[in-house]
Amino acid sequence: MRSLPSAVMTADALSTVRTRFAPSPSGHLHVGGARTALFCWAYARQQGGKFILRIEDTDQKRSSDAASLGFLRDLKWLGIDWDEGPEFEDCGGGEFGPYFQSQRVETYTKYLDQLVVEGRAYYAFDTAEELDAKRKAARAANQNYRYDGSAAMALSPDEVQRRLDVGEAAVIRFKLPHEPIVIRDEILGEATIAPEQLDDFVIRKADGFPTYHFAVVVDDELMQVSHVLRAQEHFMNTARHMVLQDALGFRRPTYAHLPLIFNPDGSKMSKRDKDKTLRAAVKAKGIDNLNVVFRQTAGIDAWLKDKDSQLEFDSAIMLADDLAVQLPEINVDDFRRSGYLPDVLINYLALLGWNPGGDVEKFDRAYLVEKFGFDRVLKSPAKFDRAKLLAFSHDAIQALPTEEFVRLFRAHCDEFHPEFIEKLSPEHFDLLAAANHKRSKTLDDQVRSSLFFVLEDSAIEYNTEDKNARKAIANGDPPGRAHLEALLPLLEGLHQWDVAGLEKAIGAYVEAQAGGNLGKVAQPLRVAVTGTTISPAIYETLAILGKVSTAIRIRRCLEAFA
RNA sequence: GACCCCAUCGUCUAGCCAGGUCCAGGACACCAGGUUUUCAUCCUGGUAACACGGGUUCAAAUCCCGUUGGGGUCGCCA
């Protein structure tokens with residue numbers, strides 16, 4: 001270990017790198033949060049420091065334990081492990097806890113009291129309604145609203161105490177100093193904020209909890225956070241945090257504000273986007289066409305009207321199914337369900353707002369850890385491009401050895417599509433997985449087209465109007481229909497029902513009756529067993545399906561197209 | 001509206017800080033052709049950007065100023 005030059009050891013410098021990811025536990029981990037966590041983690045790992053996870057649950061209205069657990073799993077799935085924080089599997093713990101802000105209220109109160117005693121903060125008794133009215137009035141008059149603390153500060157200490165004693169609701173506000181505030185940011189550079197741009201902001205809510213600004217500042221100090229990496233929407237907040245640090249005599253961490261991640265249409269990528277999609281679909285279809293379950297669900301009207309309200313996860317899935325709309329993937333968990341590999345998501349996310357320079361864009365965690373630096377983080381927002389993510393996924397899936405793909409596909413089905421595990425023998429499942437490998441872009445994208453394997457024979461539908469199906473069955477000389485009729489007894493008499501046996505038998509038929517053109521025979525077969533022209537290679541498809549189902553489906557198909 | 005930040009192909013971006021090697025490179029998407037028993041791949045080729053206007057300079061995508069455009073913030077949310 002070499003020692004640092006003494007010049008670096010200023011009062012503000014924290015010698016050990018400690019980064020933190022500090023989400024509020026509302027809902028799942030979304031991709032923006034995941035990227036912030038990723039960069040925090042990568043920087044800590046690179047510097048041999050610590051990565052801390054802290055749960056910012058100071059909003060009693062929103063917090064829920066189940067939600068906070070959900071994204072711990074998401075983080076682990078991405079391969080982002082934390083040294084300190086909530087204990088989960090082999091992560092968490094640490095000597096600077098508790099890591100849930102709701103359990104640190106006493107600590108905040110101590111510092112809050114200190115500021116009040118020192119005259120740097122004061123009680124204020126305005127109601128939310130009063131403030132709201134003033135804000136609206138200011139806006140109507142085209143004026144900037146700033147809180148006027150003169151009335152609150154004019155209150156004598158005795159008067160304040162008396163009103164507190166009778167239980168009047170009060171917040172504590174920070175008395176903003178009058179000097180300009182210079183924000184230094186590793187990514188954005190320097191910005192000077194005039195004190196008039198800020199006002200005496202609330203640091204303790206009426207319910208006794210600190211506001212975000214206060215809790216962040218206290219915790220970052222106490223947890224010895226050296227580097228704060230967070231989304232750019234917090235840039236202005238930095239000024240508030242800095243004046244609080246000064247008032248409290250705290251050290252100043254290094255700040256780095258990350259560019260935002262947008263939807264392709266330029267709107268901010270939000271967890272509300274799913275509900276937005278659903279509302280639009282409901283409105284387009286008309287509420288009367290909704291499934292009765294939903295029409296009768298209490299609150300569906302309120303949900304339709306309130307842009308901020310969110311449906312429960314299961315309800316959203318059901319409604320999307322009912323409306324036949326695809327919900328946008330927003331959360332890490334959504335991408336997991338969609339069959340993306342964690343390494344792929346990590347790689348793509350890392351490229352949003354950062355890159356290692358040159359033409360390199362495929363890399364793993366180790367490379368990110370080695371190369372990550374604030375100097376290569378972009379300043380402007382990036383749009384999330386699902387097509388590019390899909391392309392990355394495709395490459396990664398194709399690079400997998402087939403045995404590995406089979407293993408991952410089985411794990412994916414275990415969790416999300418158990419019917420494939422239940423209805424197929426282990427051997428046939430493996431054959432299906434292997435047959436799907438080279439057609440797959442994700443672990444999930446061939447599930448829909450493979451459904452015919454697990455459906456009842458009678459559930460296969462033949463759409464005689466379908467152009468491709470008609471072409472396969474009715475066209476040609478002889479037409480596909482004739483091939484099916486000829487093949488039926490041949491297949492029913494086949495003893496070796498596996499890929500090799502089928503290839504031999506059908507291959508021979510093709511040579512003799514279809515001029516060696518496999519497509520002439522494979523396509524009718526495909527339509528017969530799937531109802532569509534889409535399936536894995538035909539021999540694999542038939543081998544997995546089995547002789548009985550194949551024969552039944554060929555008969556049904558011939559009837560349908562008769 | 002006020003303040004702060006930003007600005008290269010449709011998208012993510014390299015190049016900019018240390019001006020010339022950039023009539024701007026890569027990837028995704030798109031288009032055309034080819035391979036393939038379907039689908040999906042795969043191969044080859046192509047279209048496509050320095051927001052605009054002024055400066056500085058022998059020379060500007062790169063430096064400066066302005067305009068325009070985009071974003072963020074302005075909560076007892078975080």
Side-chain angles (χ1 to χ4, degrees), chain A residues 22-26 56-59 61-62 101 124 126-128 131-132 135 138-139 141-146 169-173 183 185 187-189 191-194 196-199 201-207 209-213 215-216 230-237 239 257 259-260 262 264 266 268 348 351-362 375-376 378-392 394 398 436 438-441 445-446 449 468 472 506 510 514 517-523 525-527 530 532-539 541:
Chain A
S24 68
S26 49
E56 310 229 324
D57 54 351
T58 54
D59 185 355
K61 291 190 280 293
R62 290 209 219 172
Q101 290 187 328
D126 320 75
T127 65
L131 295 173
D132 205 37
R135 269 188 211 105
R139 179 161 285 268
N142 228 340
Q143 304 246 292
N144 269 336
Y145 173 77
R146 290 186 75 223
V171 300
I172 296 179
R173 283 179 182 269
I183 302 175
D185 184 278
I187 295 162
L188 264 14
T192 303
I193 310 295
E196 299 78 44
Q197 294 308 315
L198 267 29
D199 63 4
F201 54 95
V202 173
I203 53 179
R204 193 183 77 171
K205 303 180 246 182
D207 63 7
F209 277 78
T211 58
Y212 161 74
H213 303 297
V216 155
R230 50 166 37 159
Q232 228 171 69
E233 57 194 348
H234 286 297
F235 186 72
M236 280 299 197
N237 288 336
H257 287 92
L260 265 19
F262 285 169
K268 202 163 113 182
Y348 181 72
L351 242 19
L352 250 27
W354 178 82
N355 70 79
D359 293 339
V360 179
E361 60 175 5
K362 298 286 183 64
D375 55 339
R376 297 204 64 90
L378 279 312
K379 302 178 184 186
S380 38
K383 287 176 186 164
F384 193 98
D385 182 0
R386 285 195 179 71
K388 183 147 180 170
L389 205 216
L390 223 213
F392 271 39
H394 179 244
Q398 294 312 314
N436 270 339
K438 64 178 193 292
R439 319 163 63 225
S440 293
K441 295 187 174 185
D445 70 339
Q446 291 307 320
S449 68
N468 290 329
I506 296 175
V510 168
N517 188 340
L518 180 58
K520 294 257 184 276
V521 172
Q523 281 304 79
L525 280 170
R526 222 178 308 259
V527 170
T530 72
T532 72
T533 51
I534 301 166
S535 89
I538 196 65
Y539 302 129
T541 300

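All values reported here derive from a predicted model rather than from experimental measurement. Throughout, protein chains are lettered first and strands after them, A, B, ... in sequence-line order, and every chain is numbered starting at 1.
At a cut-off of 3.5 angstrom, counting only N and O atoms as typed in the model, there is a donor on one side and an acceptor on the other between the side-chain of A:Asn144 and the base of B:rG1.
Across all strands shown, A:Phe262 has heavy atoms under 4.0 Å from sugar-phosphate atoms exclusively, and none from any base. Using a 4.0 Å heavy-atom distance criterion, A:Ile183 is classed as making no nucleic acid contact. Using a 4.0 Å heavy-atom cutoff across all strands shown, A:Arg173 reaches sugar-phosphate atoms only and no base atom. Within the nucleic acid shown, A:Ala387 comes within 4.0 Å of sugar-phosphate atoms alone, with no base atom in reach, counting heavy atoms only. Contact annotation for A:Val202: backbone-only contact, meaning every heavy-atom pair under 4.0 Å involves sugar-phosphate atoms and none involves a base. Within the nucleic acid shown, A:Asp199 has no heavy atom closer than 4.0 Å to any nucleic acid atom. Across all strands, A:Asn468 comes closer than 4.0 Å to no nucleic acid atom at all (heavy-atom distances).
On the C1' atoms, B:rA49 is 10 Å away from B:rG10, given to the nearest whole Å. B:rC23 and B:rA18 are spaced 25 Å apart, taking the C1' atom of each and rounding to whole Å. Here, B:rG26 and B:rU37 have their P atoms 33 Å apart, quoted to the whole Å. Straight-line distance between the P atoms of B:rC43 and B:rA27: roughly 11 Å, to the nearest whole Å. To the nearest whole angstrom, the two C1' atoms, one in B:rC6 and one in B:rU67, are 15 Å apart. Rounded to whole Å, the separation between the P atoms of B:rC50 and B:rU56 comes to 24 Å. A gap of 36 Å separates the C1' atoms of B:rC65 and B:rU47, to the nearest Å. Here the separation of B:rA24 from B:rU62, taken at their P atoms, is 15 Å to the nearest Å.
The residue among A:Ala522 and A:Lys362 whose nearest nucleotide of RNA chain B is located toward the 5' end is A:Lys362. Residue whose closest nucleotide on RNA chain B sits further toward the 5' end, between A:Tyr145 and A:Tyr539: A:Tyr539.
Qualifying ring pair (Phe, Tyr, Trp, His ring centres under 6.0 Å) partners for A:His234, counting only residues two or more places apart in sequence or in other chains: A:Tyr212. Partners of A:Phe262 under the ring pair (Phe, Tyr, Trp, His ring centres under 6.0 Å) rule, at least two apart in sequence or in another chain, do not exist in this structure. Considering only residues two or more places apart in sequence or on other chains, A:Asn517 meets the side-chain hydrogen bond (donor to acceptor under 3.5 Å, both in side chains) condition with none of them. A:Asp207 is linked by a salt bridge (charged side-chain N to carboxylate O under 4.0 Å, His left out) to nothing, counting only residues two or more places apart in sequence or in another chain. Scored by the salt bridge (charged side-chain N to carboxylate O under 4.0 Å, His left out) test, A:Glu233 finds A:Lys268 as partners (sequence neighbours excluded). Taking A:Phe392 as the reference, nothing meets the ring pair (Phe, Tyr, Trp, His ring centres under 6.0 Å) condition, with sequence neighbours excluded. Judged as a side-chain hydrogen bond (donor to acceptor under 3.5 Å, both in side chains), and not counting sequence neighbours, the contacts of A:Ser449 are A:Gln446.
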_Using a 4.0 Å heavy-atom cut-off to protein, can you give one letter per nucleotide of nucleotides 3-15 of chain B, 5' to 3': B if the base is in contact, S if only the sugar-phosphate is, - if neither?_
BSSSS---SBSSS
*With the sugar-phosphate defined as primed atoms, P, OP1 and OP2, and the base as all remaining atoms, what B/S/- string results for nucleotides 38-47 of chain B, 5' to 3', for protein heavy atoms under 4.0 Å?*
BBSSS-----
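Residue A:Gln101 contributes atom CD, which lies 13 Å from atom C1' of B:rC77 at whole-angstrom precision. The CG-P distance, from A:Asp57 to B:rA78, rounds to 10 Å in whole Å. What separates CD1 of A:Ile187 from C1' of B:rG72 is a distance of 14 Å, to the nearest Å. The nearest whole Å value for the distance from the CG atom in A:Leu389 to the C1' atom in B:rA29 is 14 Å. Rounded to a whole Å, the CD1 atom of A:Ile203 is 16 Å from the P atom of B:rG75.
Here the side chain of A:Leu518 is nearest to one of B:rU37, B:rC28, B:rC77, namely B:rU37. Minimum atom distance to the side chain of A:Glu233 is reached by B:rG72, of the listed B:rG72, B:rG1, B:rA78. Looking at the side chain of A:Arg135, the nearest of the listed nucleotides B:rC76, B:rG72, B:rA29 is B:rC76.
Pairing of B:rA18, defined by two Watson-Crick or G-U wobble distances under 3.5 Å, is not identified with any nucleotide. The partner of B:rC74, taking Watson-Crick or G-U wobble pairs whose two distances both stay under 3.5 Å, is B:rG1. In this structure, B:rA51 forms a base pair with B:rU67, meeting either the Watson-Crick or the G-U wobble geometry with both donor-acceptor distances under 3.5 Å. Figure legend. B:rU57 is base-paired to no nucleotide; pairs are counted as Watson-Crick or G-U wobble with both atom distances under 3.5 Å. Nucleotide B:rU11 is matched to B:rA27 when pairs are restricted to Watson-Crick or G-U wobble geometry with both distances under 3.5 angstrom.
At B:rA78, one or more side-chain N or O atoms of A:Thr58 fall inside 4.0 Å of OP1 or OP2 (strictly under the cut-off). Considering only side-chain N and O atoms, A:Arg139 lies nowhere under 4.0 angstrom from the phosphate OP1 or OP2 of B:rG1.
No side-chain donor-acceptor contact under 3.5 Å links A:Asp132 to the backbone of A:Ala128.
Residues A:Ser535 and A:Arg526 bring a donor and an acceptor atom of their side chains to less than 3.5 Å of each other.
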